[in-house]
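Chain A is the first sequence line, chain B the second, and so forth, proteins listed ahead of strands; every chain is numbered from 1.
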2 protein chains.
Amino acid sequence: MTLDEQDKAIIAELQRDGRTPYAAIAEAVGLSETAVRKRVMRLTDSGVMQIVAVTDPTQLGFARQAMIGIRVSGPLEPVAQALAALPEVDYVVITAGSFDVLAEVVCESDAHLLALVSDRIRGISGVRETDTLMYLKLQQQTYAWGVR
Amino acid sequence: MTLDEQDKAIIAELQRDGRTPYAAIAEAVGLSETAVRKRVMRLTDSGVMQIVAVTDPTQLGFARQAMIGIRVSGPLEPVAQALAALPEVDYVVITAGSFDVLAEVVCESDAHLLALVSDRIRGISGVRETDTLMYLKLQQQTYAWGVR
DNA sequence: AGTGAAACGACCGTAGA
DNA sequence: TCTACGGTCGTTTCACT
């Protein structure tokens, strides 16, 4: 699907506040309310955009985040699935490069992170090697790719 | 801030659809509409939660995603800031581990990715070494950490 | 443009520090 | 008593046909 400038403007508006009324969006982008509503429906139905609640783990007592780089022996997908099943894991991607799988984890403390990596991640069958990249500072996080 | 079960239920509901009416949430969690509205306001005002539009780059012709692991000489923050300023970069984090900075990038094609890494990222002053981890499969992505 | 639904604000009640 | 939270109701605004 291709986005025109008005689609992008609508997304940008909903990026600021996902509950912005259609009428307010309409005024901001120069379309009728109905046109905006149809476009939003089209964007969400097609899977291009989704309007969801996003939480901030640091505000919830999860002070320790890290990316775990993993080297695997054998098939990758079972390992990725096992990682995704862990409650502390919020992001899993299979990659080609110096790691086979990347997993982002959210922990309450160093002890929690240690237990997670040492006991549970390294216990997954097929996990050969892990590299823990502890987060020092989250510099940027964008939810609306391809829009700005 | 501490979340009780009702906060979590509200977040879970808005995680499914960020525009769910307060009355519907109220019914689902067993509170009045007003109470739900106040809780949502508290959650968003405090920064615990945000309701936003999220786009799917693969649906928008950005077929090539990658995590770029970067080793830096000298200060880290200027490099992280320069990375964040690139339009293709949607996520930047400073880490302690085998990379100094991680940047997730969204590209239209291999050629685009090559140009980005080769010309622009490696041209940033302080970038010493890059490792491109091309995404093969995004296995999981969660927006509501600490809720499930 | 009109109508039913949703959101909002002002006010009150209650429980616990 | 003060604060935090929930509920009721009347009004305005919004969503959808």
Side-chain angles (χ1 to χ4, degrees), chain A residues 1-63 87 106 108-109 141-148, chain B residues 1-56 59-60 142-148:
Chain A
M1 182 179 286
T2 306
L3 302 184
D4 63 19
E5 286 311 309
Q6 288 169 321
D7 287 325
K8 290 186 185 178
I10 290 170
I11 294 172
E13 210 58 42
L14 291 170
Q15 172 66 6
R16 244 163 263 139
D17 176 2
R19 289 185 84 97
T20 309
Y22 294 135
I25 302 172
E27 194 176 1
V29 309
L31 285 172
S32 75
E33 184 203 317
T34 306
V36 170
R37 204 173 53 248
K38 283 183 187 162
R39 279 173 182 255
V40 169
M41 207 177 297
R42 191 170 49 86
L43 290 168
T44 50
D45 286 354
S46 67
V48 166
M49 177 182 80
Q50 122 190 71
I51 299 174
V52 294
V54 173
T55 54
D56 179 356
T58 64
Q59 294 280 331
L60 289 170
F62 296 91
V106 178
E108 290 173 34
S109 63
Q141 185 164 31
T142 303
Y143 300 112
W145 306 281
V147 175
R148 9 179 230 183
Chain B
M1 181 181 284
T2 305
L3 302 184
D4 62 19
E5 286 311 308
Q6 288 172 319
D7 287 324
K8 291 187 184 178
I10 290 169
I11 295 172
E13 210 59 42
L14 290 170
Q15 172 65 7
R16 246 163 260 139
D17 176 2
R19 288 183 84 97
T20 308
Y22 294 133
I25 302 172
E27 196 175 0
V29 309
L31 284 173
S32 75
E33 180 199 322
T34 306
V36 170
R37 190 156 41 84
K38 286 176 184 171
R39 278 174 180 252
V40 169
M41 205 178 299
R42 245 176 271 141
L43 290 168
T44 50
D45 285 354
S46 67
V48 166
M49 176 183 81
Q50 128 190 65
I51 299 174
V52 294
V54 173
T55 54
D56 178 357
Q59 296 279 330
L60 289 170
T142 304
Y143 299 112
W145 306 281
V147 175
R148 25 176 215 181

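- Rounded to a whole Å, the CD atom of Glu33(A) is 8 Å from the P atom of dC16(D).
- Only one option out of Thr55(A), Leu60(A), Asp56(A) pairs with Thr58(A) in a side-chain contact (heavy atoms from CB on, under 4.5 Å); it is Asp56(A).
- At least one side-chain heavy atom of Val40(A) sits less than 4.5 Å from a side-chain heavy atom of Met49(A).
- Taking atom CD1 of residue Ile25(A) and atom P of nucleotide dC16(D), one finds them 12 Å apart after rounding to whole Å.
- Remark: Leu3(B) CG to Gln59(A) CD distance equals 10.5 Å, nearest 0.5 Å.
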Could you give me the CA-CA distance, side-chain angles and deciding distance for Arg19(A) and Leu14(B), then say whether side chain to side chain contact (heavy atoms under 4.5 Å, CB included) is met?
CA-CA 11 Å; Arg19(A) 289 185 84 97; Leu14(B) 290 170; 3.4 Å; yes
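- Rounded to 10 degrees, the angle separating the terminal helix axes of the helix from dA1(C)-dT17(D) to dA17(C)-dT1(D), each built from five base pairs, is 20°.
- Ile51(A) has its CD1 atom 14 Å from the C1' atom of dA15(D), to the nearest Å.
- The nearest whole Å value for the distance from the OH atom in Tyr22(A) to the C1' atom in dA5(C) is 14 Å.
- Toward the 5′ end of DNA chain D lies the nearest nucleotide of Gly30(B), the other residue of the pair Arg19(B) and Gly30(B) mapping further downstream.
- Arg37(B) places no side-chain N or O within donor-acceptor distance of the main-chain N or O of Ala23(B), the cut-off being under 3.5 Å.
- Taken from CG in Asp17(A) to CD1 in Ile25(A), the straight-line distance is 9.0 Å, to the nearest 0.5 Å.
- Atom CG of Asp4(B) is separated from atom C1' of dA4(D) by 13 Å (rounded to the nearest Å).
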Pairs under 3.5 Å (N/O, protein and nucleotides 9-13 of chain D):
none

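- We find that CD of Glu27(A) is positioned 10 Å from P of dC14(D), with the value rounded to whole Å.
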Just the table, please: protein N/O against nucleotides 11-17 of chain C N/O, every pair under 3.5 Å.
none

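- At dG6(D), one or more side-chain N or O atoms of Arg39(B) fall inside 4.0 Å of OP1 or OP2 (strictly under the cut-off).
- The minimum heavy-atom distance linking Leu31(B) with Ala35(B) is given by the pair CB-CB, 4.2 Å.
- Side chains of Arg39(B) and Val29(B) form no contact here, defined as non-hydrogen atoms less than 4.5 Å apart.
- Distances were taken from every side-chain heavy atom of Leu31(B) (C-beta onward) to each of dC8(C), dA15(D), dG6(D); the shortest belongs to dG6(D).
- The pair Arg42(A)-Asp7(A) meets the salt-bridge criterion, with a side-chain N (NZ, NE, NH1 or NH2) lying under 4.0 Å from an Asp/Glu carboxylate O.
- Rounding to the nearest 0.5 Å places OH of Tyr143(B) at 15.0 Å from CD1 of Ile51(B).
- Going from atom CE of Met41(A) over to atom P of dC14(D) covers 17 Å, rounded to whole Å.
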Under the criterion side chain to side chain contact (heavy atoms under 4.5 Å, CB included), I'd like the reasoning laid out for Lys8(B) against Glu5(B): C-alpha separation, chi angles, the key distance, then a yes or no.
CA-CA 5 Å; Lys8(B) 291 187 184 178; Glu5(B) 286 311 308; 4.1 Å; yes
